[in-house]
Amino acid sequence: MIEKVKFDGFKYIDGGVCAAQGFKANGIQCGLAHEGATVGKKKNDLAVIIADRECSAAAVYTTNKVKGAPIAVTKKNISDGRAMGVIVNSVNANTCNADGPEKARKMCELAAGEFGLKPADFIVASTGVIGQPLPIEPIEKGISELCRGVSYEGNAAAVEAIMTTDTQPKEVAAVFEIGGKKCVIGGMLKGSGMIHPNMATTLTFITTDVSIAPEYLQRALNDVVKDTLNMVSVDGDQSTNDMCYGMAGNSEIKSENEDFEKFENALYVVMMNLARMMARDGEGATKLVECICAGADDLNTARIVAKSVITSSLFKAAVFGEDANWGRILCAVGYADAEFDIDKVDVDLASNAGKIAVCRNGSGVPFSEEAAKEILSEEEIKVIVSIGEGEYSAAAWGCDLTYDYVKINGDYRS
């Protein structure tokens, strides 16, 4: 597991989505299985998050034209900017099915019935295989056990329930101060394959005890997603079910003041670490790759160039082989859809083993292949690209492309 990035003024704590005051969670195995799969696999597949009181709610969704049925139901449910809980399953994505919306609404009804709430109080999400009907019977059978078991320590059971091909649970929670008072943002994320902007393929759930108006929660989420989840790519495929939800529950932030800036910074801290975890846990991955593009004349150019590098399949394969084939990096920089002078581009490779220059002013420079291989042998690799003398920079995260990626996706439904 990679180390969390340290930021001044923030302390990491345990608890994930339950770290913020007023949130309970749970996860169980209810017996969901797609056709041909074994029901008895011992992994949770159904989760719930519930707040002690009504929260501000905001969401960002996949831009794929094919969208999972839960997205339409959730959009309607949180159109007032409010929610009380989340009900989510793995194994089956509830996508491309005629009865999908009905099943998504039913999941909300079942959860609402257990807590004495309205179905519209719930966010609903699903992840897993696309195009197979979601069996609602296991969810109906397990919903009482799931909801009776919620606790302020239930985050680990919940995060397990949203994992598909993930090999590691992904949770982050951070403590910070607003107005001299302790505040917490916590989150959990699933994502390992079909990871590509926009949004990077994921289900992400964020909770906080900061009181913030729905429109400003949405504004913060929109801003931060651009520089976190939308800067991750594993394989170039974009999911049908991507969702990122924020729930805030405690004086309310109603303007873009200093408190809003602190909140947005904290949200970035949590979501950036989740994004890095997702990239490192890419299907079959052995390395985390971070590309930092500096010297851009505007932020969008920096983002585009950084993403272009980490989405290059040829470069990703070279990282797996620990081959300092810097020409593949420059190629990816060159086809990025942005304006800059390629003759001013510098490229460095770096890791805990050191740093080495491989390109200056768009041309190769002599370097030690042995030293470069040692740098690329580390678990975390940085590619530092300078494209000029501008003041803007951006980072993107990806992983190497390995034999195991093909194995996992050649047999995903079994």
Side-chain angles (χ1 to χ4, degrees), residues 17 20 22-25 46-64 67-89 93-95 100-127 139 147 150 158 162 185-190 198-199 202-226 229-230 239-250 252-254 260 263-264 267 270-271:
V17 292
F23 292 93
K24 300 174 185 174
L46 186 65
V48 67
I49 305 168
I50 190 73
D52 288 348
R53 57 193 180 91
E54 189 179 62
C55 301
S56 297
V60 177
Y61 308 96
T62 182
T63 56
N64 196 318
K67 291 179 172 61
I71 288 179
V73 174
T74 292
K75 281 184 175 180
K76 183 177 180 181
N77 285 1
I78 66 169
S79 59
D80 61 351
R82 302 291 177 183
M84 283 287 290
V86 176
I87 181 73
V88 53
N89 71 275
N94 192 13
T95 300
E102 176 188 347
K103 298 283 182 65
R105 288 191 293 268
K106 183 64 175 179
M107 287 176 65
C108 294
E109 291 170 8
L110 290 169
E114 293 295 321
F115 292 109
L117 300 170
K118 304 185 297 295
D121 291 327
F122 281 84
I123 288 163
V124 59
S126 299
T127 185
I139 298 174
C147 296
V150 295
I162 65 173
I185 294 180
M188 69 180 190
L189 174 150
K190 67 80 53 180
N198 293 316
M199 286 179 12
T202 174
L203 296 182
T204 305
F205 304 101
I206 307 290
T207 60
T208 180
D209 45 28
V210 175
S211 180
I212 181 170
E215 60 267 35
Y216 288 95
L217 182 63
Q218 185 69 61
R219 191 169 303 182
L221 189 62
N222 289 347
D223 289 346
V224 173
V225 162
K226 292 176 186 176
L229 302 185
N230 277 359
S239 171
T240 58
N241 289 55
D242 303 355
M243 301 180 183
C244 179
Y245 298 119
M247 296 173 63
N250 66 334
E252 188 173 58
I253 298 173
K254 295 182 178 181
F260 176 82
F263 174 80
E264 192 168 82
L267 187 60
V270 169
M271 292 182 64

Any chance you could lay out the side chain to side chain contact (heavy atoms under 4.5 Å, CB included) test for E109 and K106, step after step, and finish with the verdict? CA-CA 5 Å; E109 291 170 8; K106 183 64 175 179; 3.6 Å; yes

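- Separating the CD1 atom in I162 from the CG atom in N89 is a distance of 11.0 Å, to the nearest 0.5 Å.
- Between the CD1 atom of I206 and the CG atom of L217 there is a distance of 10.0 Å, given to the nearest 0.5 Å.
- Proximity of F115 to M84: side-chain heavy atoms (C-beta onward) are nowhere separated by under 4.5 Å.
- The side chain to side chain donor-acceptor pair (under 3.5 Å) search around K24 returns none, not counting sequence neighbours.
- At least one side-chain heavy atom of S56 sits under 4.5 Å from a side-chain heavy atom of R82.
- Q218 places a side-chain N or O within donor-acceptor distance of the main-chain N or O of A59, the cut-off being under 3.5 Å.
- Between I87 and L110 there is no side-chain heavy-atom pair separated by less than 4.5 Å.
- Across all their heavy atoms, A125 and P70 have their closest contact at CA-CB, 3.8 Å.
- For E264, the side chain to side chain donor-acceptor pair (under 3.5 Å) test picks out no residue, with sequence neighbours left out.
- Here the closest non-hydrogen pair linking I78 and A83 is CG2-CB, 4.1 Å.
- Taking each heavy atom of V73 and P101 in turn, the nearest pair found is CG2-O, 3.9 Å.
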Between I50 and L117, is the side chain to side chain contact (heavy atoms under 4.5 Å, CB included) condition met? List the steps. CA-CA 11 Å; I50 190 73; L117 300 170; 3.9 Å; yes

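- With sequence neighbours excluded, the residues that form a salt bridge (charged side-chain N to carboxylate O under 4.0 Å, His left out) with K254 are E252.
- Partners of K118 under the salt bridge (charged side-chain N to carboxylate O under 4.0 Å, His left out) rule, at least two apart in sequence or in another chain, are D121.
- By the side chain to side chain donor-acceptor pair (under 3.5 Å) test, D223 pairs with no residue at all, sequence neighbours left out.
- Panel note: side chain T74, backbone V124; a donor-acceptor pair is recorded below 3.5 Å.
- Here CG of N94 is found 7.0 Å from NZ of K103. Values are rounded to the nearest 0.5 Å.
- Distance check, rounded to the nearest 0.5 Å: CG of N222 to CG of N230 gives 10.0 Å.
- Minimum interatomic distance between A112 and P119 (heavy atoms only, all atoms of both residues): CB-N, 3.5 Å.
- Nearest heavy-atom pair, V17 versus F23, reported as atom, atom and distance to 0.1 Å: O-CB, 3.4 Å.
- To the nearest 0.5 Å, atoms CD1 (I185) and CE (M271) are separated by 10.0 Å.
- A distance-only check finds no donor-acceptor pair linking the side chain of T207 to the backbone of A20 [under 3.5 Å].
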Quick one, F260 with I253, criterion side chain to side chain contact (heavy atoms under 4.5 Å, CB included). Give me CA distance, side-chain angles, the key distance, then yes/no. CA-CA 6 Å; F260 176 82; I253 298 173; 3.8 Å; yes

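- When every heavy atom of F122 is checked against every heavy atom of V86, the shortest pair comes out as CD2-N, 3.9 Å.
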Starting from the C-alpha separation in whole Å, work towards a yes-or-no answer on side chain to side chain contact (heavy atoms under 4.5 Å, CB included) for F263 and Y216. CA-CA 10 Å; F263 174 80; Y216 288 95; over 6 Å; no

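- A donor-acceptor pair under 3.5 Å is absent between the side-chain atoms of N77 and the main chain of I123, judged by distance alone.
- Between M188 and I49, the closest side-chain pair of non-hydrogen atoms falls below 4.5 Å.
- Listed by chain and residue number, D99, R105 satisfy the side chain to side chain contact (heavy atoms under 4.5 Å, CB included) test with E102 (two or more places apart in sequence, or in another chain).
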